[in-house]
Amino acid sequence: MLDLAYTAPRAKTIAGARHDWELVIGMEVHAQVASNAKLFSGASTKFGAEPNSNVAFVDAGMPGMLPVINEFCVEQAVRTGLGINAVINKFSQFDRKNYFYPDLPQGYQISQLYHPIIGEGEVLVEMGKGEARLVRIERIHLEQDAGKSVHDMDPNMSFVDLNRTGVALMEIVSRPDIRGPEEAAAYVVKLRQILRYLGTCDGNMQNGNLRADVNVSVCRPGDYEKFRDSDNDFSLLGTRCEIKNMNSMRFIQAAIEFEARRQIAILEDGGSITQETRLYDPDKNETRSMRSKEEAHDYRYFPCPDLLPLTIEQDWIDRIKAGLPELPDAKKARFVSQYGMTEYDAGVLTADVANAAYFEDVADGRDGKQAANWVINELFGRLNKDGLTIESSPVSASQLGGILDLIAADTISGKIAKELFEIVYSEGGDPGKIVEARGLKQVTDTGAIEAALDQIIADNPAQVEKARENPKLAGWFVGQVMKATGGKANPKAVNALVASKLGQ
């Protein structure tokens with residue numbers, strides 16, 4: 001278990017308000033299911049394809065075309081539910097959500113309102129300094145994505161791309177447990193991390209594969225606690241507004257900050273909040289009205305007549321559960337225990353599943369702390385500088401491991417290792433062969449080191465006397481020997497000889 005102290009949510013204070021207000025946030029995260037085919041057709045889900053090239057007849061809403069459930073998408077939803085300790089509903093049902101939009105060819109979306117596939121779960125969100133928040137998940141349901149309307153290709157016309165139409169989405173609905181902008185962003189980060197570990201969504205927010213609708217409301221101090229003690233009396237939380245399609249942690253925080261201030265200003269001027277859907281404009285740093293917020297009855301939901309209810313066997317759920325990977329919290333705790341690293345370092349290494357796998361390859365059979373230091377400071381530092389990910393790293397895990405092996409064998413010093421890392425990063429190659437070819441081996445011959453030190457002592461008698469009076473000055477001789485040997489002398493041998501020669 002992680003060494004975290006669960007803390008009750010604290011309300012976000014709003015500077016400049018005349019009264020005290022509490023901020024309440026619920027989130028609906030839409031995660032595209034990691035699947036090669038769509039939810040109800042065999043059409044490809046490949047991103048970046050030519051417009052309208054990944055469209056089956058059923059996606060286009062052609063008459064007489066019937067949907068066929070993609071079992072793998074169902075399995076991915078179950079994996080996600082298991083990954084957040086949620087209830088897996090053995091009975092679920094698809095409904096039609098009716099509304100008109102140009103990029104929704106059928107005129108309805110197949111979703112799940114009354115009987116979702118996943119019930120209540122939870123996500124533990126770390127907030128730093130050993131603190132954590134528990135965000136309750138209300139449900140996860142499967143649904144189709146809509147297409148995309150394109151408005152910037154022609155001044156007089158809009159275009160429709162149906163490639164996304166029918167792509168499987170998991171809508172992950174939280175309870176209104178989030179109390180501030182930073183907490184909201186941290187929740188999405190943690191949820192994205194879990195999904196990537198599970199392999200159920202790639203979490204690519206830039207491509208729209210993970211996006212969030214943020215519900216924001218404000219209430220007076222104490223009303224949130226009353227809500228938690230009540231039978232879901234949402235009137236205690238104030239009227240909420242939904243901010244649609246957020247795909248950036250930074251924008252999520254900024255949008256919540258603005259929306260909270262907007263609502264408080266209206267309420268303190270004696271007005272009332274209109275429940276509506278809003279969009280965030282990052283250029284102006286403001287939200288603006290998109291449409292009035294629909295209720296469920298506005299969509300005229302009814303069971304989809306083309307799909308039978310979905311019944312799941314417990315044996316199938318158990319097999320999926322048995323195949324779950326080690327999840328981030330468990331992996332972080334193991335890294336701390338197994339490798340003796342700090343929780344901070346373990347958090348950095350387990351933040352992304354690919355980073356964690358890379359580190360474990362480097363650390364296999366080697367000193368874990370040393371491996372963590374090189375991966376975090378040298379590799380991650382350089383990758384961040386160059387805007388690269390671990391998947392595109394010029395240095396493989398085996399190459400970095402080879403450098404550490406050379407250090408452990410005293411073939412190279414730490415200083416030479418950094419020089420070698422730069423060569424491998426820029427030019428590639430086998431570290432051992434590079435050391436041999438370029439003469440980078442450190443000097444371990446104590447005779448050669450002693451000869452260099454004797455010459456330096458003979459040339460600097462005044463410095464010798466100062467060093468004997470003040471042992472801290474012995475480092476000057478170490479530096480001179482390293483300089484004389486081109487940085488190749490074994491530092492341990494140099495320090496030992498200097499101490500011996502100066503009588504320390």
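Because only heavy atoms are used, hydrogens play no part in the values below, and waters and symmetry mates are left out as well, while side chains stay in.
- Atom CG of residue D352 and atom CD of residue Q193 lie 8.0 Å apart, to the nearest 0.5 angstrom.
- No side-chain donor-acceptor contact under 3.5 Å links R211 and Q32.
- Going from atom CD of E378 over to atom CG of L383 covers 11.5 Å, rounded to the nearest 0.5 Å.
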Exercise. Applying side chain to side chain contact (heavy atoms under 4.5 Å, CB included), run through I390 and F380 and close with a yes or a no.
Key: CA-CA 8 Å; I390 198 70; F380 287 177; 3.8 Å; yes
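- Under a cutoff of 6.0 Å and an axis angle of 45°, R382 and Y425 form a cation-pi pair.
- Ring geometry for Y339 versus F359: interplanar angle over 60°, hence perpendicular rather than tilted (30 to 60°).
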Exercise. Check step by step if side chain to side chain contact (heavy atoms under 4.5 Å, CB included) holds for V78 and W316.
Key: CA-CA 10 Å; V78 172; W316 192 59; 4.2 Å; yes
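- Between K148 and D161 there is no salt bridge, since no side-chain nitrogen of the basic residue lies less than 4.0 Å from a carboxylate oxygen of the acidic one.
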Practice problem: Using the side chain to side chain contact (heavy atoms under 4.5 Å, CB included) rule, take K331 and V353 through it: C-alpha gap first, then chi angles, then the decisive distance, then the call. | Solution: CA-CA 10 Å; K331 189 178 289 291; V353 62; 5.7 Å; no
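- A donor-acceptor pair is defined here as one N or O able to donate and one able to accept, closer than 3.5 Å; no such pair exists between the side chain of R133 and the backbone of I178.
- Ion pair E360/R334 flagged as a salt bridge, since at least one NZ, NE, NH1 or NH2 atom sits closer than 4.0 Å to an Asp/Glu carboxylate oxygen.
- Among V123, I137, I118, L210, the single residue meeting the side-chain contact (heavy atoms from CB on, under 4.5 Å) criterion with I172 is I137.
- Between E120 and R136, no side-chain nitrogen of the basic residue sits less than 4.0 Å from a carboxylate oxygen of the acidic one, so the salt-bridge criterion is not met.
- No hydrogens or angles considered: nothing links the side chains of T165 and D59 as a donor-acceptor pair under 3.5 Å.
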Practice problem: Evaluate side chain to side chain contact (heavy atoms under 4.5 Å, CB included) for H141 paired with S111, printing each intermediate quantity in order. | Solution: CA-CA 7 Å; H141 60 261; S111 183; 3.5 Å; yes
